[in-house]
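The structure appears right after this line, and notes come after that.
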Amino acid sequence: MSSAYPEIYLVRHGETEWSLSGRHTGRSDIPLTANGEAAARKLADRLTGLTFSAVWSSPSERARKTCALAGFGSGAVIKDDLAEWDYGAYEGITTKAILADRPGWQLFRDGCPKGEFAADVGDRADAVIHALRQTAGTILVFSSSHFLRVLAARWLGLPPEDGSRFVLDTASISVLGYEHDLTEPVIRRWNQR
């Protein structure tokens with residue numbers, strides 16, 4: 001289904017050892033696995049025939065490498081606001097381990113000590129959305145799961161905590177856009193693999 005309005009293509013980076021094991025990977029630069037690199041290369045075929053007025057990437061190595069292997073590295077602009085959630089004290093730790101020390105903890109509700117809370121990530125997502133809406137044309141964005149989930153929630157006008165309702169697999173493609181006019185932001189496609 002195509003649209004007469006600009007679309008925002010969101011790509012989650014390929015698999016890393018930490019994404020595979022469920023460890024929170026915010027600001028640590030963890031490289032792609034061999035499977036992650038292969039999936040990133042396959043993105044090129046999945047994005048064939050599309051024209052983008054801009055390509056933006058998170059500063060993380062995993063996002064930049066995914067972007068490059070997909071064939072878009074040379075034109076990508078690094079945007080600091082696209083960085084993954086800062087997990088602070090929970091960096092590199094699994095949810096299961098966090099829950100052992102802090103029963104009932106939920107990232108999107110409770111945030112991270114010495115890191116970000118949903119509102120902080122939401123503020124960065126709002127800045128990205130403002131820039132997206134100022135840029136004419138279809139844009140390709142490479143980033144990480146939790147940030148992109150908050151971005152989708154904010155695109156729809158939902159609170160950043162509602163990003164918890166969207167799941168993203170590695171090397172997935174999602175598309176934000178509009179329905180009847182530019183006052184009706186929608187999710188056109190989600191988590192396509």
Side-chain angles (χ1 to χ4, degrees), residues 1-3 5-20 24-85 121 124-133 135-156 160 163-178 185-193:
M1 181 185 313
S2 63
S3 172
Y5 300 105
E7 294 181 321
I8 312 305
Y9 280 71
L10 306 178
V11 178
R12 182 182 175 198
H13 63 76
E15 174 190 274
T16 68
E17 288 295 334
W18 282 18
S19 67
L20 186 60
H24 289 284
T25 316
R27 304 304 164 87
S28 296
D29 252 340
I30 307 301
L32 299 177
T33 63
N35 287 337
E37 288 184 2
R41 284 186 195 93
K42 289 178 184 173
L43 287 166
D45 291 336
R46 294 169 57 204
L47 296 168
T48 294
L50 298 170
T51 303
F52 300 102
S53 59
V55 178
W56 297 352
S57 177
S58 158
S60 73
E61 175 187 341
R62 59 195 179 274
R64 289 183 292 119
K65 182 79 170 192
T66 300
C67 178
L69 291 172
F72 296 94
S74 64
V77 175
I78 304 304
K79 299 277 189 178
D80 290 341
D81 281 339
L82 291 172
E84 177 61 304
W85 197 306
V121 181
R124 290 192 291 113
D126 287 347
V128 169
I129 290 168
H130 177 76
L132 289 168
R133 289 187 172 144
T135 305
T138 298
I139 302 171
L140 179 60
V141 175
F142 292 84
S143 189
S144 297
S145 177
H146 288 136
F147 177 79
L148 291 174
R149 292 166 66 179
V150 171
L151 180 70
R154 296 302 301 139
W155 180 263
L156 297 174
S164 66
R165 301 177 187 280
F166 303 99
V167 174
L168 280 175
D169 296 319
T170 55
S172 62
I173 299 173
S174 301
V175 183
L176 307 179
Y178 301 91
V186 296
I187 294 176
R188 298 192 63 80
R189 291 181 285 289
W190 191 256
N191 199 36
Q192 295 187 320
R193 297 225 21 193

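The figures that follow rest on heavy atoms only: side chains count, while hydrogens, waters and symmetry mates do not. All residue numbers refer to positions in the sequence shown, counting from 1.
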Quick check for you: to the nearest 0.5 Å, what is the distance between Asn191 atom CG and Phe166 atom CZ? 11.5 Å
Would you say the side chain of Leu32 lies within less than 4.5 Å of the side chain of Leu69, judging by non-hydrogen atoms? yes
Minimum heavy-atom separation for Arg64 to Pro59, with atom names? NE-O, 2.8 Å
Mind running side-chain contact (heavy atoms from CB on, under 4.5 Å) on Leu82 and Val141 for me, showing each step along the way? CA-CA 9 Å; Leu82 291 172; Val141 175; 3.7 Å; yes
Answer yes if the side chains of Glu7 and Thr138 hold a donor-acceptor pair under 3.5 Å, and no otherwise. no
Reference residue Arg62; test side chain to side chain contact (heavy atoms under 4.5 Å, CB included); the match among Glu15, Arg12, His13: His13
Specify the closest pair of heavy atoms between Gly14 and Thr66, including all atoms of both residues, with the distance to one decimal. N-OG1, 3.0 Å
Short question: side chain of Ser28, backbone of Thr25 - any donor-acceptor pair under 3.5 Å? no
To the nearest 0.5 Å, tell me how far Arg133 CZ sits from Ile139 CD1. 11.0 Å
Quick check for you: to the nearest 0.5 Å, what is the distance between Ile8 atom CD1 and Ser174 atom OG? 12.5 Å
Set of ring pair (Phe, Tyr, Trp, His ring centres under 6.0 Å) partners for Tyr5, sequence neighbours left out: none
Is the closest side-chain heavy-atom distance between Asp29 and Ser60 below 4.5 Å? yes
Check whether any side-chain heavy atom of Glu37 sits under 4.5 Å from a side-chain heavy atom of Thr33, and report yes or no. no
Side chains of Arg188 and Val186: closer than 4.5 Å at any heavy-atom pair? yes
Least distance between heavy atoms, Leu43 atom then Ala171 atom: CD2-O, 3.6 Å
Considering non-hydrogen atoms only, spot the tightest contact between Tyr9 and Arg189 and give its length. OH-NH2, 3.1 Å
Before giving the answer on side-chain contact (heavy atoms from CB on, under 4.5 Å), spell out for Val128 and Leu132 the whole-Å C-alpha distance, their side-chain angles and the decisive distance to 0.1 Å. CA-CA 6 Å; Val128 169; Leu132 289 168; 3.8 Å; yes
Decide yes or no on side-chain contact (heavy atoms from CB on, under 4.5 Å) for Trp190 and Val175, but give the supporting numbers first. CA-CA 6 Å; Trp190 191 256; Val175 183; over 6 Å; no
Heavy atoms of Ile30 and Glu17 approach each other most closely as CG2-N, 4.3 Å
Identified side chain to side chain contact (heavy atoms under 4.5 Å, CB included) counterpart of Leu151 within the set Leu10, Val121, Leu156, Asp126: Leu10
Taking side chain as C-beta onward, heavy atoms only, is Arg165 less than 4.5 Å from Arg149? no
Arg46 and Ile173, any side-chain heavy atoms less than 4.5 Å apart: yes
Partner residues of Trp155 under the ring pair (Phe, Tyr, Trp, His ring centres under 6.0 Å) criterion, sequence neighbours left out: Tyr178
Does the side chain of Val55 reach to within under 4.5 Å of the side chain of Phe142, using non-hydrogen atoms? yes
Give me the atom names and distance for the closest heavy-atom approach of Ala44 to Ala70. CB-O, 3.3 Å
For the residue pair Phe147 and Ser58, establish whether any side-chain heavy-atom pair is separated by less than 4.5 Å. no
What distance do Leu140 atom CG and Phe52 atom CZ have between them, rounded to the nearest 0.5 Å? 4.5 Å
So CG of Asp81 and CH2 of Trp56: to nearest 0.5 Å the spacing works out to 10.0 Å
Would you give the length of the straight line joining atom NZ of Lys79 to atom OG of Ser57, rounded to the nearest 0.5 angstrom? 11.5 Å
